[in-house]
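A short worksheet on the structure shown next.
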Amino acid sequence: MCKSAVKTFLAKRSFAIASTLLLIAISYASSVKAEENKYQDATENAANVPAEHKLPLTGSLSLLSDYRFRGISQTWQGAAVQGGVELALPQGWYLGTSLSNVSTNSYGLGQGLEHDIYGGWRGEVAPDWQLDAGLLQYRYPGARLATDSGGSKRFDTTEAYLGTTHGGFSAKWSVALTPYFGLRDSTAGSAFASALPPEGSSRGSQYLDLNYQHPLGDWATLGLHGGYTYVRNYSAVSYADWRVSLAKTWGAWTASLAYAGTSANERYYSAVNSQGQWRSLGRSGWVLGLSAGF
């Protein structure tokens, strides 16, 4: 089997796994809802479910027309299926994990899969002020960056984050504790679509994430987002991103429509497929989404 066929098989396998997770989650959400209704019918106060009946495990499954991470398409502007679960621990601590398909055009030699693991603490630190702090690791099984010595390095990245929420406003600051998605001296020539001069490690790169959610009556919720990616020692690939969205929730389901864009230089933020077709990954575009929570 040729290399391109192997990559196609792995990508389809990852997509099939994620799709299966989506179906399982939807079935699970439906069964949980049915059990809630059964429980409520059997009690005198149906509106209040006792705390001991609430599961510490929550999650969601999503279908997106394009997976944008900090404004940059991770799926070569194709569809993505994503799933995640989070375990609530005592005293505000939590652990979580999520999966998404990604494009092997961007994450070469990999299985077309992103696996995130995170954990931290969140809670109210002042009236109406929530704090969230933790660690998050982005993993790309099998994906490698070529080094100038003929070897390879992983894309895997670990970040520390600190966030706050007040009303409809939220902000989060993330700092890379490892080289930012593999970027360092030895990989500067292959980390992006165009080679960068080696300027050292990108460890310490940062991302500022600002959001505002405003309800539009019972009709929908307006979302505004602005962000900035600072890549340490490599200013040419630093950029801003933005997004405007509308979301409608009914029951466990949420549908969304967003228009997103970036100031990313397409000289670096582009990818090529096996047929030699190039695509800019940071250009503005529409993103449709449908998710189910449980």
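Values in this document were obtained by computation on a predicted structure and should not be read as measured data.
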With no hydrogens and no angle check, just 3.5 Å: does a side-chain donor-acceptor pair link [X] and [Y]?
| X | Y | result |
| --- | --- | --- |
| T249 | T254 | yes |
| Q130 | T165 | no |
| T97 | H115 | yes |

Please list, one pair per line, the donor and acceptor atoms closer than 3.5 Å that link side chains of residues 215-222 to other protein atoms, with sequence neighbours excluded.
none

Hydrophobic cluster identity match, [X] and [Y], side-chain contacts under 4.5 Å:
| X | Y | answer |
| --- | --- | --- |
| L61 | V287 | no |
| W250 | L246 | no |
| L135 | V85 | no |
| L64 | L99 | no |
| L281 | Y207 | no |

Side chain to side chain contact (heavy atoms under 4.5 Å, CB included) involving [X] - partner list, sequence neighbours excluded:
| X | value |
| --- | --- |
| R283 | Q77, R279, S280 |
| Y212 | F169, H214, L224 |
| S256 | A247 |

Between the side chain of [X] and the main-chain N/O of [Y], is any donor-acceptor distance below 3.5 Å?
| X | Y | answer |
| --- | --- | --- |
| E266 | A264 | no |
| Y234 | E199 | yes |
| D209 | G163 | no |
| S152 | L145 | no |

* Residues two or more places apart in sequence or in another chain: which of them pass side-chain hydrogen bond (donor to acceptor under 3.5 Å, both in side chains) with N105? -> S103
Please identify each residue that fulfils ring pair (Phe, Tyr, Trp, His ring centres under 6.0 Å) with [X], with sequence neighbours left out.
| X | value |
| --- | --- |
| Y269 | F192, Y239 |
| W129 | H166 |
| F181 | F69, Y138 |

According to the salt bridge (Lys or Arg N to Asp or Glu O under 4.0 Å) rule, which pairs have a member within [range], sequence neighbours left out?
| range | value |
| --- | --- |
| residues 171-198 | none |
| residues 139-156 | none |
| residues 62-88 | D66-R68, R70-E159, E86-R122 |
| residues 93-118 | none |

* To do: Run the numbers on R243 and Y259 for side-chain contact (heavy atoms from CB on, under 4.5 Å), then give the verdict.
  => CA-CA 6 Å; R243 183 180 65 251; Y259 192 73; over 6 Å; no
* Looking only at heavy atoms, what is the nearest atom pair of Y67 and S100, with distance? -> CD2-OG, 3.5 Å
Spatial distance of atom [atom1] ([X]) from atom [atom2] ([Y]) [nearest 0.5 Å]:
| X | Y | atom1 | atom2 | result |
| --- | --- | --- | --- | --- |
| S202 | R232 | OG | CZ | 8.5 Å |
| N233 | R203 | CG | CZ | 11.0 Å |
| Y140 | L113 | OH | CG | 10.0 Å |
| T164 | D132 | OG1 | CG | 9.5 Å |
| S205 | L183 | OG | CG | 7.0 Å |
| W76 | T104 | CH2 | OG1 | 10.5 Å |

* Can L87 and L89 be said to form a side-chain contact (heavy atoms from CB on, under 4.5 Å), step by step? -> CA-CA 6 Å; L87 177 65; L89 300 172; 3.8 Å; yes
* To do: For a side-chain contact (heavy atoms from CB on, under 4.5 Å) with Q206, tell me which candidate from Y180, W173, Y228 qualifies.
  =>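 Result: among Y180, W173, Y228, W173 is the only option passing the side-chain contact (heavy atoms from CB on, under 4.5 Å) with Q206.
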